[in-house]
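Encoded as structure tokens, the structure appears first; notes follow it.
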Amino acid sequence: MLRLKTLHSRTFDRLRALFTNRAMPLFKILIDRTTSFFHSRFANGEPLRFKTLRSTIIVSFLGLFTLVQILTFYSVYTISTREVRTGIYNDLAGGLGVIDLKLKSRAENLSTAAEVLSRDYSFKTVFASRHRPTLLSAMKNQATRIQADVMLLVSLKGMVIEDTAHPGARPTAFPLPNFFTDAGKTDVASTTAYLDDKLYHLTAVPLRAPLPVAWIVFGFKIDDTLARELKMLTALDVTFTADRPGQAPAIAASSLSGELRDQISAALRSSGREPDGTMTFVLNDEQYLGMSHDLSTKDGAQIKVLMQRSMAAALKPYYRIRRILVLLFIGGVAVTLILGVVVSSFVTKPVRVLVEGARIIEQGDYTRTLPVLRQDEIGSLTSAFNHMQTAIAEREERIGHQAFYDALTDLPNRSFLDQKLQEAISKAREENRPLALILLNINRFISVIATLGHETGNAVLLKISVLLRDSMPPSAIVARMGGDVFALMVPGEDDNGALRIVNDIATRLEAPIWVEGAPIQIEARFGIVTYPVHGDDANTLQRRAEVALHLARSTAHGFAVYSPDQDRHSIHHLTLLSELRHAIDNDELVLHYQPKIHFASRRIIGVEALIRWRHPQHGFIPPDDFIPLSEGTGLIKPVTFWALKTAIRHCAQLFEQGIHLNVAINLSARVLPDHQLPDAIASFIDEFQLSPLQISLEITESAIMIDRQRTLEVITRLDSLGVQMVIDDFGTGYSSLAYLKNLPIDEIKIDKSFVQKMDVNENDAMIVRSIIELGHNLGYKVTAEGVETDRIYEMLRERGCDVSQGYLHGKAMPLEELMVWLEQSPWGRKRPAG
Ligand code: C2E
Ligand code: CA
Ligand code: CA
């Protein structure tokens, strides 16, 4: 049990050492080589990447398998080599031990025999007789008995007395004189030495009678026979080598024969020594492991006994294992490849399905859902994928819808109409049929929002959109173009058909629209164009429909069919705007002044400054054509500031000439919130040294309703300058009295739409009367604009109106003309000075 444990832990230690010492560096080399290989293949230095998951899996499989195989092979290789080595080492060490033992036992046998002989009385007698033939014969007998190859008697002085190898020879000196010194001490000595060029194992004992009288020396030949005998004992080849001083090294004896025996000297010379004392050398192209042992000598020679064993022969059983491993590796690679292909296709199939799905989505197709065939992560990934796909599809539809439909009314928008109009024109061309395009604009929608708020405004727009849809044939398209403008595209209708439709809608709009229990009266304007009469492409038709809508403003019935001679209105807004930038600097803008008449004195008390643009190419452009435009850009600010400064300068000029007139300047809703406005006005008044009382600022009723809080602040600030604050176009907005009461207002101006027809329209006359009363109640001065006839003038005077403005007194005119008018008009005589 304990043995087993130590064996195991030893194997483990060995393996660990193997890994840390050999395997790890080997790995590093392997990895370095592989990387540098790929680097040289992909010279741009990019790391190796596999294009598909499949190849990654297969290559990983193969790589892992190969790694394991290499490790296994390496382990088997090193362990087997080590095992074999250790085995051989043990055998060699054991073999040498056996030889040592054998030689020792021989020496012992000899010494015992020699001692027996030295006590042999008859032999001593023969020795004493000095009869050489008898002595020789006795010696031979003795040698044969103990199987020695040679026996010598040596005198104490070191002279050979008798030698069985040379019977009767003349006494000579024994070649190893100091051999006997050891024997003298221990009574027995042993060595290896050459006698007559033959290697012997010699043993010497003294011959006593009773004191030593001579040395008995027995010798055993160390020859091939002995070597073979030893080989039989040890199962190892045994070789004795001799290196005598002054002689070439030689093989004294060997169990090897023939070629091997001839080669061994040379092999030994080039052998390498291992730390464990073994040596390696090559014999006959085979690797051998050997071990040698020095035999004792007395004559300076070096005698070695060498044993060796072939590594290849010992490794033979392991070669089989290695071969099996290689075969296993080849087979394994094939199996791994097949497995890799099968597993990877099994694993990657659902992924490939997903990839395919993603590709389809990429092409914009969201209709195909992927089948969820599995319960695992891939399965949940697939269903997540499907959900994502529906979510994308929904969102895309939503976005698509938003792109083509108006969010509030869900009507098609401008983009949608652009597209459909082009298609409809093509179709109409094919079918040789007309097509009508009608633009609809709600009058004064801004005042609806200002009075009732955005929510009500939206509700109104929604109701109108429903009304429009209901009054259209199914083939028509009703679109919201933005704000309060709608478009109706009606295939198959010409001018007459379009007019019929417009009439129908206008009639429907006569009934008020009810929002939250309140009736709201809506009026609309219509611009009409038809294909092919007014154009044969979408752009032209749309542009001309806008021109027609613009024209509809100035018609009594609220609609206009496009006519080419009025197309001057279609001057492109954008170029106009860009030119407006330069108009101020180029003195193209001028102010005209319209007189304001005091009812009580029937004399002029002030003027309203009205802006004009004398365009070098287009001629006269009315303010209604560019002021609203400039309000959409930042241009309204310089225009207003210019008008303010010019009007105040003119006012100062008149004052210097003794003409004391108030000048009213219009302020757009867009400049009202400007923080610089009050300061600018103050600085102009200051610059021209006017009384602020001579300046009136006209703000439309709808403008003050847009942002009540802000307007209150601004008007309060402007009023604090001392100027007169006027509410313009009064009656068109829906301002509440309660609100107006809080404003620092000096004057209200009744909108001309009530004034112009008050002589024929009782309703208007009633409104005008109540505005005058209301204004007076609140302490305002009341002005009426649009006074064109004496009759209206009289009506207003009777109702107590304070100031009259209108064509009856004079149109807006340039300053020079005003000077003439002041002199010549019955309304215009200068107030008596002082
Ligand atoms: P508004 O402030 O209501 O100006 C009165 C408009 O009525 C003027 O048109 C004037 O010529 C016209 N008018 C005056 N008396 C009569 C009449 O008896 N009968 C008729 N049918 N019309 C009459 P105009 O000059 O075309 O100005 C139009 C609008 O342009 C103005 O309306 C005003 O809102 C704006 N506007 C004019 N000048 C300026 C300005 O300097 N700055 C700003 N922000 N807006 C201006
Ligand atoms: Ca005005
Ligand atoms: Ca007005």
Side-chain angles (χ1 to χ4, degrees), residues 444 446-447 553-556 580 583-584 588-597 606-614 620-651 662-674 677 680-681 695-704 724-733 747-759 768 771 782-793 796 803-814 817-818 827:
R444 300 199 213 133
I446 183 155
S447 58
R553 265 185 165 194
S554 42
T555 61
L580 183 58
I584 303 172
E588 287 170 26
L589 296 182
V590 281
L591 283 183
H592 284 193
Y593 295 96
Q594 187 176 30
K596 283 169 133 183
I597 310 302
V607 287
E608 181 182 0
L610 293 161
I611 200 164
R612 304 285 179 261
W613 182 3
R614 307 234 163 257
F620 171 78
I621 301 174
D624 280 337
D625 276 6
F626 68 91
I627 292 291
L629 266 183
S630 69
E631 282 176 337
T633 68
L635 276 173
I636 186 65
K637 186 175 166 183
V639 169
T640 306
F641 280 32
W642 174 86
L644 279 165
K645 191 173 179 177
T646 310
I648 291 173
R649 197 182 71 226
H650 286 164
C651 185
N662 172 285
V663 64
I665 301 138
N666 292 285
L667 289 186
S668 154
R670 296 296 165 104
V671 277
L672 216 49
D674 196 303
L677 185 67
I681 294 171
I695 308 298
S696 292
L697 298 175
E698 295 190 3
I699 303 162
T700 62
E701 189 191 1
S702 47
I704 64 167
Q724 305 284 301
M725 296 307 297
V726 183
I727 294 193
D728 201 356
D729 298 350
F730 193 82
T732 56
E747 179 183 338
I748 52 175
K749 218 171 166 181
I750 308 169
D751 189 66
K752 58 178 178 283
S753 58
F754 301 106
V755 177
Q756 279 166 324
K757 287 175 277 176
M758 66 181 286
D759 53 342
V768 170
I771 291 176
V782 180
T783 303
E785 66 174 7
V787 181
E788 295 179 0
T789 59
D790 284 324
R791 181 162 157 63
I792 289 174
Y793 179 81
L796 289 165
V803 179
S804 169
Q805 182 186 350
Y807 292 170
L808 172 67
H809 315 295
K811 291 192 173 183
M813 55 197 110
E817 246 179 70
L818 179 71
W827 314 95

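Whatever order the structure lists them in is the order used to number ligands and atoms, beginning at 1.
- Closest to atom 7 (O) of ligand 1 by heavy atom, among Glu698, Glu788, Lys752, Arg612, is Lys752.
- With Leu808, Leu610, Leu589, Thr640 as candidates, the residue nearest to atom 11 (O) of ligand 1 on a non-hydrogen basis is Leu610.
- In terms of protein heavy-atom proximity, atom 21 (N) of ligand 1 is closest to Gln756 NE2, 2.9 Å.
- Contact annotation: for Val639 versus ligand 1, there are no heavy atoms closer than 4.0 Å.
- Nearest protein heavy-atom contact of atom 15 (N) of ligand 1 is Gln594 NE2, 2.8 Å.
- For the Ca ion (ligand 2), the nearest N, O or S atom contributed by Glu608 is named OE2.
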>> Apply side-chain contact (heavy atoms from CB on, under 4.5 Å) to residues Lys596 and Ser804 and explain how you reach the verdict.
In response: CA-CA 6 Å; Lys596 283 169 133 183; Ser804 169; over 6 Å; no
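- Not a single N, O or S atom of Glu785, from either the backbone or the side chain, sits less than 3.0 Å from the Ca ion (ligand 2).
- Residues Thr789 and Tyr807 fail the side-chain proximity criterion, which asks for heavy atoms closer than 4.5 Å.
- Here the protein heavy atom with the shortest distance to atom 22 (N) of ligand 1 is Tyr807 OH, 3.3 Å.
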> Going through the distances and angles, do Val803 and Ile597 end up as a side-chain contact (heavy atoms from CB on, under 4.5 Å)?
Replying inline: CA-CA 5 Å; Val803 179; Ile597 310 302; 5.7 Å; no
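- For atom 3 (O) of ligand 1, the nearest protein heavy atom (residue, atom name, distance) is Asp729 OD1, 3.5 Å.
- Annotation: cation-pi geometry not satisfied between Lys645 and Phe641 (NZ/CZ under 6.0 angstrom from ring centroid, within 45° of ring axis).
- Note on Asn666: counted as a metal contact of the Ca ion (ligand 2), an N/O/S atom lying under 3.0 Å.
- The protein does not reach atom 34 (O) of ligand 1 closely, with no heavy atom under 4.0 angstrom from it.
- Checked options Asp751, Thr783, Ile771; the residue passing with Phe730 is Ile771 (criterion: side-chain contact (heavy atoms from CB on, under 4.5 Å)).
- Scanning the protein heavy atoms around atom 44 (N) of ligand 1, the nearest turns out to be Asn666 O, 3.4 Å.
- For the Ca ion (ligand 2), the nearest N, O or S atom contributed by Asp728 is named OD2.
- At least one N, O or S atom of Asp729, from either the backbone or the side chain, sits less than 3.0 Å from the Ca ion (ligand 3).
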>> Between Ile681 and Leu697, is the side-chain contact (heavy atoms from CB on, under 4.5 Å) condition met? List the steps.
In response: CA-CA 10 Å; Ile681 294 171; Leu697 298 175; 3.7 Å; yes
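- The closest side-chain donor-acceptor pair between Thr700 and Asp728, if any, does not fall under 3.5 angstrom.
- Summarising the contacts of atom 27 (O) of ligand 1 with Ala664, Ala609, Pro622, Pro623, the nearest heavy atom is found in Pro623.
- The line from CD1 of Ile636 to CG of Leu580 is 8.5 Å long, rounded to the nearest 0.5 Å.
- Remark: Asp729 CG to Ile748 CD1 distance equals 12.5 Å, nearest 0.5 Å.
- Those atoms of ligand 1 with a heavy atom of Gly806 less than 4.0 angstrom away are 15 (N), 18 (O).
- Of the listed options Ile611, Ile665, Leu591, Ile792, Ile611 places a heavy atom closest to atom 39 (C) of ligand 1.
- Ion pairing between a basic and an acidic side chain is recognised when a charged N comes within 4.0 Å of a carboxylate O; Lys749 and Glu608 show such pairing.
- At a heavy-atom distance under 4.0 Å, only side-chain atoms of Asp728, from C-beta outward, approach ligand 1.
- A heavy-atom distance below 4.5 Å is found between the side chains of Gln756 and Glu788.
- Within ligand 1, the atoms closer than 4.0 Å to a non-hydrogen atom of Ser668 are 44 (N), numbered from 1 in the order shown.
- Residue contacts to the Ca ion (ligand 2): Glu698 brings an N, O or S atom closer than 3.0 Å.
- Contacts of Glu608 with ligand 1, taken as heavy-atom pairs under 4.0 Å, involve the side chain alone.
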>> For His809 and Tyr793: C-alpha separation, side-chain torsions, deciding distance, then whether side-chain contact (heavy atoms from CB on, under 4.5 Å) applies.
In response: CA-CA 10 Å; His809 315 295; Tyr793 179 81; 3.7 Å; yes
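- If you check which protein heavy atom lies closest to atom 29 (C) of ligand 1, you get Asp624 OD1, 3.6 Å.
- Using a 4.0 Å cut-off between a side-chain N of Lys or Arg and a carboxylate O of Asp or Glu, Lys637 and Asp674 qualify as a salt bridge.
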